[in-house]
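So the structure is just underneath, and the comments pick up after that.
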Amino acid sequence: MKDVHIHIERGPYTKEWIDTFVKQAVEMGLDEIYLLEHSHRFQEFSPMYAGIRSYSEYQNSWYEKRTGCTIKQYTDLIAEMRQYTFPIQIKWGLEVCYFPDYENLISDFITSFPFDFATGSIHWVNGFDFDHRAEFWKDINVELLYNQYYDSMLALVNSGLFTGLAHPDSIKCFHFFPAGDLTPKYRLLADALNRHHMYAEQSGGLALNYGFPEMGMNLSMLDIFKRENVQIQFASDAHRPEDVGKNISDISTNNLHPLCTACINNRVKNRNTDSDHRQILLSLRQPALINH
């Protein structure tokens with residue numbers, strides 16, 4: 001069993017810090033973990049974030065508090081850790097925010113070092129930080145934003161830069177849902193993932209970090225990905241050693257959270273629509289536990 005999305009950003013680049021992740025992984029019964037850092041951490045990626053920094057003072061402040069490392073500091077850690085033998089397999093990589101105008105910069109850095117993987121993610125849409133605070137959604141055109149989000153994700157996959165797709169429907173984090181049907185977008189995404197031999201994460205990250213009641217992808221997306229035989233990998237999106245492997249057992253055993261199973265059974269029995277599914281989720285809404 002593996003966990004393919006674990007951030008190490010809250011500690012020093014030392015073996016002692018990495019050992020804490022390994023220890024928890026062993027305790028959780030994992031035999032492989034993917035350790036990563038987010039691209040916003042590194043000075044070399046700063047040109048990509050100029051647009052989001054100018055979008056608002058909040059975003060500029062958020063970015064400045066989290067950046068400052070160099071990519072060499074990280075790759076030096078990886079090179080050192082690869083000299084050790086650990087009780088589980090460790091893969092090393094990056095989670096890179098995708099901005100279409102910066103594909104060359106992204107390519108330069110993810111090919112400059114022998115990373116084991118590179119996961120692409122969408123965290124901003126036209127500069128908007130959809131996953132930071134619920135109040136920022138005021139006056140947002142939800143329908144338009146969702147469509148732009150999945151258009152950006154499709155461009156991410158078609159760029160051919162990445163090995164994996166991080167948390168593919170994290171835009172739902174604050175329970176804002178479009179009225180329209182997104183299944184055509186999901187089918188295009190499934191086809192592109194297969195053509196580019198990429199995996200999609202089935203992530204427990206929204207449950208872990210936002211208190212979201214649904215584990216992993218929404219039911220329509222998951223159903224399409226499974227029917228199209230998209231490769232799916234399980235991820236905790238842990239940001240602390242103690243969260244390594246969190247929720248992995250649930251989502252990997254059934255490929256669904258128990259809540260999702262209940263939703264599916266109810267939908268099949270009563271022919272419920274995706275709108276009904278959204279109402280179920282809204283009724284179970286919990287306060288967000290944002291992990292930024």
Side-chain angles (χ1 to χ4, degrees), residues 1-42 45 66-97 109-110 112-121 162-167 170 198-211 215-216 231-255 257 289-292:
M1 192 161 57
K2 66 176 73 171
D3 182 346
V4 303
H5 195 126
I6 300 168
H7 293 267
I8 64 169
E9 64 190 15
R10 297 188 178 183
Y13 285 169
T14 63
K15 184 176 183 295
E16 289 74 20
W17 180 237
I18 301 306
D19 282 340
T20 63
F21 292 88
V22 172
K23 180 176 183 291
Q24 179 67 12
V26 171
E27 291 178 358
M28 295 296 290
L30 303 177
D31 49 38
E32 185 174 4
I33 56 176
Y34 287 33
L35 300 182
L36 54 79
E37 283 279 52
H38 208 295
S39 54
H40 66 246
R41 296 264 291 158
F42 302 114
F45 284 100
R66 287 160 177 80
T67 195
C69 296
T70 67
I71 198 77
K72 187 176 186 305
Q73 289 174 295
Y74 182 47
T75 56
D76 283 351
L77 170 72
I78 296 172
E80 180 186 354
M81 292 303 101
R82 283 175 172 168
Q83 304 305 309
Y84 292 95
T85 299
F86 292 95
I88 59 171
Q89 184 174 355
I90 301 177
K91 289 189 176 178
W92 296 90
L94 292 168
E95 179 187 351
V96 181
C97 289
F109 283 108
I110 64 179
S112 65
F113 182 83
F115 293 106
D116 296 310
F117 67 96
T119 300
S121 61
F162 304 102
T163 53
L165 174 63
H167 38 68
S170 62
M198 287 175 61
Y199 64 82
E201 290 182 1
Q202 174 69 327
S203 174
L206 290 188
L208 175 63
N209 300 319
Y210 291 79
M215 196 83 71
Q231 182 185 0
I232 294 174
Q233 299 280 13
F234 304 106
S236 67
D237 201 1
H239 288 68
R240 306 178 300 174
E242 56 266 38
D243 289 331
V244 170
K246 191 70 69 70
N247 300 318
I248 293 292
S249 180
D250 286 340
I251 58 178
S252 63
T253 299
N254 301 311
N255 208 353
H257 185 268
L289 306 173
I290 305 174
N291 203 348
H292 287 293

Distance-only donor-acceptor pairs under 3.5 Å for side chains of residues 21-30, two or more places apart:
unit_1	atom_1	unit_2	atom_2	d
K23	NZ	E27	OE2	2.7
Q24	NE2	E242	O	3.4

| Hey, are the side chains of D250 and F234 touching, using non-hydrogen atoms and a 4.5 Å cut-off? | no
| request: Flag the pair Y13 / D76 as yes when at least one side-chain heavy-atom distance between them is below 4.5 Å, and no otherwise. | output: no
| field | Non-hydrogen side-chain atoms of F115 and I78 separated by less than 4.5 Å | value | yes
| message | Checking side-chain polar atoms at under 3.5 Å, does S236 have a donor or acceptor matched by the opposite partner on D3? | response | yes
| task | State, with a plain yes or no, whether a side-chain heavy atom of R240 is found less than 4.5 Å away from one of L208. | result | no
| said: Are P114 and W92 packed together at the side-chain level, in the sense that at least one heavy-atom pair is separated by less than 4.5 angstrom? | reply: no
| request: Decide yes or no for I71 and F45: does some side-chain heavy atom of the first lie under 4.5 Å from some side-chain heavy atom of the second? | output: yes
| query | Between E95, R41, E37, H38, which is the residue that forms a side chain to side chain donor-acceptor pair (under 3.5 Å) with H7? | reply | E95
| Heavy-atom side-chain proximity of I18 to I90 below 4.5 angstrom | yes
| field | Charged N-O contact under 4.0 Å between K91 and E32 | value | yes
| message | Does any part of the side chain of K15, heavy atoms only, come nearer than 4.5 Å to the side chain of M81, both counted from C-beta? | response | yes
